[in-house]
Trainee: 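Below is the structure I would like to discuss, written out as structure tokens.
Just so we're on the same page: letters track the sequence lines, and every chain starts at 1.
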There are 2 protein chains.
Amino acid sequence: MVDTRTCARPEGGEGSCGAIADMLARLGDKWSLLIVASLGEGPLRFNELRRHVGEISQKMLSSTLKVLERDGLVSRTVIATVPPQVEYALTDLGRELRVPVSHLAEWTTVNTPRILAARAEFDSRAG
Amino acid sequence: MVDTRTCARPEGGEGSCGAIADMLARLGDKWSLLIVASLGEGPLRFNELRRHVGEISQKMLSSTLKVLERDGLVSRTVIATVPPQVEYALTDLGRELRVPVSHLAEWTTVNTPRILAARAEFDSRAG
DNA sequence: GGGGGTAGTCACCTCGAGGTGACCTGGTGC
DNA sequence: GCACCAGGTCACCTCGAGGTGACTACCCCC
């Protein structure tokens, strides 16, 4: 198991922490996780995805998909019908990513009560 | 295993995805992961932590620590010496969090070459 | 011909994350 | 008295993420 301490000490390659934080930040942005989760159920077209995700603007869906596609997590396939359709799907890489993410999701789900309790206690102390 | 699809469909509790994305975003911010990794090696005082993390401003260290403390991931202990010292350490919750995070870190480390390759290919296509 | 669905792009705006530097309190050493 | 440490807070600034609405181009149905 890679220890997060490889992150803080330059000996482990100081870039690794940057890469990990970047990955977390990318998934932690407002829409990526929602999109990956939606595509996890199967391929979707642009407007299907838009309806599925909910209140996302065209611009944000378009730009978030572009980032995910660039990183090789999502594939974009133009289907030459009339009118042309565009299908988005998770790549193998995208599907594999869901495994560690689901661990973190599970941890979060299990521990949300503890976090909320800590927060409430902190706030009551701070006034 | 909690599937990320609980995220997208309201039936699973639509708040869960928000909580997961929040967690990812919190860890994905510029400093949290670095701080958690540093404290993973043992408790540190404010300025020790500051030197350890690198080029972080006092304000950002202070505010990031406050958020982590509020969420119960980090503890803050004032030691009544002269001058008073403040020691920061991971709580049990913070230590437990490192497990799923290290899975994601491992995935990221292993797959960074694939991501970089995808990015390079995407950029070359796009010009 | 007009309304609607397909998949977007472009220009503009807002708002908060993150950074900078000054300042504070209360020591200790010279 | 003066400088310097610890551990911060406060006021101010910048810059980019994310949002809004208009616009494109093409086709189908009524």
Trainee: Taking CG from A:Leu44 and P from C:dT6, how many angstroms apart are they, rounded to a whole number?
Mentor: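 Rounding to the nearest Å, CG of A:Leu44 and P of C:dT6 are 13 Å apart.
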Trainee: May I ask you to verify if any side-chain N or O of B:Arg76 is less than 4.0 angstrom from the OP1 or OP2 atom of D:dG8?
Mentor: yes
Trainee: Are the charged groups of A:Glu96 and B:Arg114 less than 4.0 angstrom apart, N to O?
Mentor: yes
Trainee: Spell out, as yes or no, whether a donor-acceptor pair under 3.5 Å connects the side chain of A:Arg95 to the backbone of A:Leu90.
Mentor: yes
Trainee: Begin from the C-alpha positions of A:Leu93 and A:Asp71 and carry the test side-chain contact (heavy atoms from CB on, under 4.5 Å) through to its verdict.
Mentor: CA-CA 9 Å; A:Leu93 196 59; A:Asp71 283 356; over 6 Å; no
Trainee: I'd like to know if the side chain of B:Thr91 and the backbone of B:Gly72 have a donor-acceptor N/O pair within less than 3.5 Å.
Mentor: yes
Trainee: By a strict heavy-atom criterion of less than 4.0 Å, which residues belonging to residues 54-71 of chain A are in contact with DNA chain D?
Mentor: A:Ser57, A:Gln58, A:Lys59, A:Met60
Trainee: For the pair made of CG in A:Leu33 and P in D:dG18, what is the distance, rounded to whole Å?
Mentor: 13 Å
Trainee: Quick one: A:Arg50 CZ to C:dT9 P, roughly how many Å, whole number?
Mentor: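 Roughly 13 Å, once rounded to whole Å.
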Trainee: Under the 3.5 angstrom rule, does the side chain of B:Thr108 hit a backbone N or O of A:Ile20 as a donor-acceptor pair?
Mentor: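 Such a contact is absent between B:Thr108 side chain and A:Ile20 backbone.
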Trainee: Using modelled atom types only, decide if a donor and an acceptor are shared between the side chain of B:Ser32 and the backbone of B:Arg26 within a distance under 3.5 Å.
Mentor: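 Side chain of B:Ser32 to backbone of B:Arg26: a pair is present.
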Trainee: CD of B:Gln85 versus P of C:dG27: gap in Å, rounded?
Mentor: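 In whole Å, C:dG27 P lies 15 Å from B:Gln85 CD.
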Trainee: May I ask whether B:Val86 and B:Leu39 are part of the same hydrophobic cluster, defined by side-chain heavy atoms of I, L, V, M, F, W, Y residues being less than 4.5 angstrom apart, directly or through others?
Mentor: yes
Trainee: Could you check how far CG of B:Leu49 sits from C1' of D:dA6, rounded to whole Å?
Mentor: 14 Å
Trainee: Hey, which of these two, B:Pro84 or A:Pro83, hits DNA chain D nearer its 5' end, going by closest nucleotide?
Mentor: B:Pro84
Trainee: Please give, in whole Å, the distance from C:dA17 P to A:Asp29 CG?
Mentor: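 Rounded to the whole Å, the gap is 15 Å.
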Trainee: If you only use heavy atoms from C-beta on, which nucleotide in D:dG19, C:dG19, D:dG7 is closest to the side chain of A:Lys30?
Mentor: D:dG19
Trainee: What is the distance, to the nearest angstrom, from the CD1 atom on A:Ile79 to the C1' atom on C:dG8?
Mentor: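 Interatomic distance, CD1 of A:Ile79 to C1' of C:dG8: 16 Å.
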Trainee: For a quick test of reading the model: is some side-chain N or O of B:Arg45 closer than 4.0 Å to OP1 or OP2 of D:dA6?
Mentor: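 No, no such contact exists.
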Trainee: In whole angstrom, what separates A:Asn47's CG from D:dC27's P?
Mentor: 18 Å
